[in-house]
2 protein chains.
Amino acid sequence: MKTVPERLTALRAAMAQAGCDAYIMPSSDPHSSEYAPQHYTAWEYFSGFSCENANLIVTAEEAALWVDGRFFGAADAALAGTGVASMHMGVKGVPTVSQWLSERMTSGKVLGYCAETMPVKQMRELAKLCQMQGAKLEDLPLVDKVWTENRPALPATPAWILDTAYAGKSASQKLEILRGKLSEQNCTAMLVTKLDSVAWLLNLRAADVESTPYALAFCYVDMEHAVVFMDTSRLSAEASQKLAEAGVETAEYMGMADYLAAGKKSQNVLVDPASLNASLNNALCENSAYTVTEGIDPIAMLKAVKNETELSCTRKAHLVDGAAMVRFQMELEARLAAGETLRETDIDTILHKYRSSNEKFITESFSTIAAWGSNAAMMHYAPKVGADAQLKCQGYLLVDSGATYYDGTTDITRTYRLGSLTEEEKLAYTRVLRCHIDIAMAVWHEGATGGELDMLARRPMWRHMLDYRCGTGHGVSHVGAVHEGPQSLRPHNNVVFVPGMVITDEPGIYEEGHMGIRIENELVCVEAGESEYGKFLRFEPLTYVPIDLSCVLTEELTREERAWINDYHAQVLEKLSPLLNEKEIQWLRTKCAAI
Amino acid sequence: MKTVPERLTALRAAMAQAGCDAYIMPSSDPHSSEYAPQHYTAWEYFSGFSCENANLIVTAEEAALWVDGRFFGAADAALAGTGVASMHMGVKGVPTVSQWLSERMTSGKVLGYCAETMPVKQMRELAKLCQMQGAKLEDLPLVDKVWTENRPALPATPAWILDTAYAGKSASQKLEILRGKLSEQNCTAMLVTKLDSVAWLLNLRAADVESTPYALAFCYVDMEHAVVFMDTSRLSAEASQKLAEAGVETAEYMGMADYLAAGKKSQNVLVDPASLNASLNNALCENSAYTVTEGIDPIAMLKAVKNETELSCTRKAHLVDGAAMVRFQMELEARLAAGETLRETDIDTILHKYRSSNEKFITESFSTIAAWGSNAAMMHYAPKVGADAQLKCQGYLLVDSGATYYDGTTDITRTYRLGSLTEEEKLAYTRVLRCHIDIAMAVWHEGATGGELDMLARRPMWRHMLDYRCGTGHGVSHVGAVHEGPQSLRPHNNVVFVPGMVITDEPGIYEEGHMGIRIENELVCVEAGESEYGKFLRFEPLTYVPIDLSCVLTEELTREERAWINDYHAQVLEKLSPLLNEKEIQWLRTKCAAI
């Protein structure tokens, strides 16, 4: 079964056999991860398109994949001719998953799903929808039945413990903090279900998901016990010992439901419905020893606010990464100037060479986006060997990349001028830069939310009725996933920024069929000072890499914006120079010249 | 009982007699009005300080008045020596009403209040607080007992009906719209309790509250009936006839509770707890014929989005008001130049002369704030004859004023340079102007909230760790109250702006003991256009009055800001000229010269 139509035919046969009229596959794993291990990527297997934040629904006649703004262009291209419709989420006139299902799930019809990979929240919405329609929602393991051939196994990468020298706090310290938070909410236990949260709580790392150094694991915590459920054979002796020292028991990944079923002591268990799967929810609800309290995973906020150790390590990681970016750009320029033929996929090769040469390098923090010309208009374009564009000496090259080091995780985008640019192209770049600077320069009275700050980034764009169909920025985990909540720069995000939160600042312009421009730094929220009006906060850059100013229409910038650029570049030069040789410093000096 | 201490002594005696340990008086009337009729202003009578959005609490030993940022300075001055503490709401270290009561309302203590003037929402919070403390909350009419001498009677101003030519829709049309909204919420009836809402629904006007052309009235609406409860002797024959034509029955103000008690038909009654008083809440809950649904008063949104007639009338009102402002400024300049002695209270006299000369003038929309020098640092300073400052030829004069005409209600602030200014004073003015322009120039993707837009106004101020302790702007009613919700420009306001909403744009700088600067226009939300990214909105000025540019440090402005000023002034000249004589036009031309 090599083609999408073949796979869909097989799924439809299994659906018919099971009396299932529609089958829904959210882009999830048992932990509601943003990036799921290959083993769980059924929506990709049956649609042929790789993405996150998606839902695939298959009926006897139809198949449709809902994707968000980052993937519109790429999904349209990839799904053409497969029999799977590309559904643009949030676009007027495009039905939502609920609307689409409401039209089809008429009385008596059966909607199938897999409880293990279904977030309980979504399951409840589907149950409500089915109830209102007189349809039935059934837990049917059809993916396991159909997707057997060549299915990737569950990941089994070596698991290890991030040293306190990098994490700032040991697992036993973090468990104490968590127990305090549980007590505040009158809870006595918690099911830690999100991989990020398990990783933070136990300082546990592995490489189960590409570019994300986490281990597939759950953790059960009560006032006396902490049990991690994972493939224990993957733990090194050292890791096992560290867990034992922190008072953490180990059990097998698949054993969690049974563990919950066997619980006898009365517990008030906190679960976060945003990352609890429907299967574990059933196990909890069926044991009368438990009172279930649904709430926000308290670890989300604990890990979002970085401690001093994490911050000082992260600053080091960004300088190492910045030096790699400088070397990359020098090599790129030199090879293009020498007339060498380079393709988009070569970018990652060069970047990897410089990043991985650092002894603390662990992995790229996501698949490098290197997009030339109109390819960059596809927000999450990933070039593939053999199908990638050759870099020509005109227009823009967008490079969005990053790495995880033992010191921290980076995420940076630069857009490079490869040759002649039109005035319009320069204007677009200048506008993106202004949006970027508006966030970077912001000072605000404490209490402002991500939604309110996001306004500053979009303002210069909106004035010209332009916009970008994504957030302005996202949190970044420490030695972890490149996307982290709860804070974000995005309309209506209501999380209040506090010192220690890390965020990306990455506005962009994406013109289909023409170009894509994005400029991204990571920033950390810090105190700006205090006045009679109260406490003020601001952002401080973590990323120090020159921004290509040869694409800027200087006269479009305000005096304050120019001052920010010059100050930033002076810092780039000062901070990166100790990591560079004379020739590199010389090169950097020209890139950081004041405008 | 002329002094505050005498009044407090009398109240404390009544409290002791009733076994009451603390008595709370919110700044409210039976409708939770922002500006209450004099009859209900107990918090002012017992504290000696006039303000809104306040709470006065009296115990045997203490008395404390909570005021918001607008009143900090004035309250401190007025309350000194009265035995009433001035409590600054929202300031760190100052206990909230709840915190203050929690410390004092220990087990067994009695907290008294008056149900008729207590918003049900606040009553519930107090009940919860008392329950947690083991204290008792009791409805005790102590104000009526103590405040008898010289107490203002209930207002009885003539009530009239605003013509459809100004209102755009008749009462019967509006009742149909409201019934439609009730049906959407599965409600069959509504208690319209907010004076603004009654006024809008029935096009009913009077002059019960100074500067606010409303009548003290409730309205009961179900699918067959609409009954207005008010002093019916105040209705002219014409007004009575118009109400009858619209199918509105009339009943006496005090009869509403009895009417509710007598209701036999089963009704699902919508009430808005934000404006329902505790007394009517009891009447509703005691009749089993009613199911009570609590929700947001749907009239709030209906009246906030102005119809075409309202908008075109409002535009006319603002030009008439703008011409009056021009004449006022000319007279002010001429008289000061002639060396005449002018005092702050003279400002209102001059303004009134020009505004009231228009045949459509009804009333000032609020007490004119004319504040010279450091007086302007008190946000809601109201000059009093005999205690007002003389205008000297230096520093700033802040004038915040407005009027209600049959065509609409205006609210405008200008800050005038009366003589020499320091660089610091000019810089402050320039910053306020930048904040103002940031809102005036904003273009945004539809869906942005008031909280998000507010960020744009504060941005230039926050950069220098400055702030103003109030919202950036508020809605304005049509021929009505000068403050109107639900939209506002204020941190965390989550109302989405839609075309037709009117808002003030009035950032300021207030330096205690030194100066106050505010620049205010009214704006209306309009469509900016549509692009591939969706629909965009912007604001359009309603106010056309020159802004004093002799206080501006031009070099601090961006090119875009300068362009906005020049464009605005060109429009001021164009729009006001038809209402002015040659000499006035000549004067205006110099004020509107491009920078």
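Lettering of chains follows the sequences in order, A, B, ..., and the numbering in each one begins at 1.
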For [X], what residues pass the side chain to side chain contact (heavy atoms under 4.5 Å, CB included) criterion, not counting sequence neighbours?
| X | result |
| --- | --- |
| A:Ala74 | A:Phe49, A:Met378 |
| A:Ala570 | none |
| B:Ala274 | B:Asp272 |

Cross-chain donor-acceptor list, chain B and chain A, 3.5 Å limit, no angles:
{"unit_1": "B:Asp438", "atom_1": "OD1", "unit_2": "A:Arg459", "atom_2": "NH2", "d": "3.2"}
{"unit_1": "B:Gly447", "atom_1": "O", "unit_2": "A:His492", "atom_2": "NE2", "d": "3.2"}
{"unit_1": "B:Glu452", "atom_1": "OE1", "unit_2": "A:His492", "atom_2": "ND1", "d": "3.4"}
{"unit_1": "B:Glu452", "atom_1": "OE2", "unit_2": "A:His492", "atom_2": "N", "d": "2.8"}
{"unit_1": "B:Glu452", "atom_1": "OE2", "unit_2": "A:His492", "atom_2": "ND1", "d": "2.8"}
{"unit_1": "B:Arg459", "atom_1": "NH2", "unit_2": "A:Asp438", "atom_2": "OD1", "d": "3.2"}
{"unit_1": "B:Arg463", "atom_1": "NH1", "unit_2": "A:Glu560", "atom_2": "OE2", "d": "3.4"}
{"unit_1": "B:Met465", "atom_1": "O", "unit_2": "A:Ser531", "atom_2": "OG", "d": "2.8"}
{"unit_1": "B:Arg469", "atom_1": "NH2", "unit_2": "A:Glu532", "atom_2": "O", "d": "3.1"}
{"unit_1": "B:His492", "atom_1": "N", "unit_2": "A:Glu452", "atom_2": "OE2", "d": "2.8"}
{"unit_1": "B:His492", "atom_1": "ND1", "unit_2": "A:Glu452", "atom_2": "OE1", "d": "3.4"}
{"unit_1": "B:His492", "atom_1": "ND1", "unit_2": "A:Glu452", "atom_2": "OE2", "d": "2.8"}
{"unit_1": "B:His492", "atom_1": "NE2", "unit_2": "A:Gly447", "atom_2": "O", "d": "3.1"}
{"unit_1": "B:Tyr510", "atom_1": "O", "unit_2": "A:Tyr533", "atom_2": "OH", "d": "3.2"}
{"unit_1": "B:Ser531", "atom_1": "OG", "unit_2": "A:Met465", "atom_2": "O", "d": "2.8"}
{"unit_1": "B:Glu532", "atom_1": "O", "unit_2": "A:Arg469", "atom_2": "NH2", "d": "3.1"}
{"unit_1": "B:Tyr533", "atom_1": "OH", "unit_2": "A:Tyr510", "atom_2": "O", "d": "3.2"}
{"unit_1": "B:Glu560", "atom_1": "OE2", "unit_2": "A:Arg463", "atom_2": "NH1", "d": "3.4"}

Quick one: of B:Pro491, B:Gly534, B:Gly529, who has the most non-hydrogen atom pairs under 4.5 Å with chain A?
-> B:Gly529
Under 4.5 Å from any heavy atom of chain A - which part of B:Met441 | both
So with a 6.0 Å cut-off around CG of B:Leu553, is the heavy-atom count from everything else above 12?
-> yes
